[in-house]
Amino acid sequence: MTISVRKLRVEEMLYQNRYLVDSGRPHIKVRPHERPSANLLGLTRVCPAQCYELNDKGQVEITADGCMECGTCRVLCEASGEIEWNYPRGGFGVLFKFG
């Protein structure tokens, strides 16, 4: 007997979560910068929810909608002051389907 196991892509797993967006009150802000540091640029590659991206002016921007609150950006950039991170207000943010 052969058992077939299908691997889920990260996008398919993330789709199971739900997000309640607190419009106009993002819980993460990228501080103004002329040129992003290596760590800030790194967020565009390592954020599992792909919330960070490089804009056409060469600056890193965040779209906090869909943030999993995993802390990756805090580890890379909070100590340097490049981002400001707070927990979302009660009732907002990520709602994990399985706990």
* Asked: Any idea which heavy atoms bring Met68 and Tyr19 closest together, and the distance?
  -> CG-OH, 4.0 Å
* Looking at side-chain heavy atoms only, is the closest gap between His33 and Val60 below 4.5 Å? -> yes
* Is Ile83 reachable from Val46 through a run of hydrophobic residues whose side-chain heavy atoms are each under 4.5 Å from the next? -> yes
* Structure fact -> Contacts of Asp65 meeting salt bridge (charged side-chain N to carboxylate O under 4.0 Å, His left out) (sequence neighbours excluded), chain-then-number -> none
* Inspect the surroundings of CD in Gln59 and state if more than 12 heavy atoms from other residues, nucleotides or ligands are less than 6.0 Å away. => yes
* For Arg31, salt bridge (charged side-chain N to carboxylate O under 4.0 Å, His left out) partners two or more places apart -> Glu84
* Asked: How many angstroms lie between atom CZ of Arg45 and atom CG of Leu54, to the nearest 0.5 angstrom?
  -> 10.0 Å
* To do: Flag the pair Pro26 / Ile62 as yes when at least one side-chain heavy-atom distance between them is below 4.5 Å, and no otherwise.
  => no
* **Donor-acceptor contact present, side-chain Asn39 to main-chain Cys77, <3.5 Å** => no
* Asked: Are Ile28 and Leu20 in one and the same hydrophobic cluster, where Ile, Leu, Val, Met, Phe, Trp and Tyr link if side-chain heavy atoms are under 4.5 Å apart?
  -> no
* Structure fact -> Checking Thr44, Val30, Leu41, Leu43 against Pro36 for side chain to side chain contact (heavy atoms under 4.5 Å, CB included), the one that qualifies is Leu41
* Asked: Which heavy atom in Ala49 sits nearest to a heavy atom in Cys67, and how many Å separate them?
  -> CB-CA, 4.4 Å
* **Between CD on residue Glu78 and CH2 on residue Trp85, distance to nearest 0.5 Å** => 8.0 Å
* To do: Look at atom CZ of Arg18 and say whether more than 12 heavy atoms of other residues, nucleotides or ligands are closer to it than 6.0 Å.
  => yes
* Structure fact -> Nearest heavy-atom contact between Tyr87 and Glu69 is CD2-OE1, 4.4 Å
* Is any side-chain heavy atom of Pro48 less than 4.5 Å from a side-chain heavy atom of Cys70? -> yes
* **ILVMFWY network linking Leu95 to Val21, side-chain heavy atoms under 4.5 angstrom** => no
* So how far is it from Phe92 CZ to Arg25 CZ, rounded to the nearest 0.5 Å? -> 8.0 Å
* Out of curiosity, does Tyr52 fall in the hydrophobic cluster containing Val94 (side-chain heavy atoms, cut-off under 4.5 Å, transitive links)? -> no
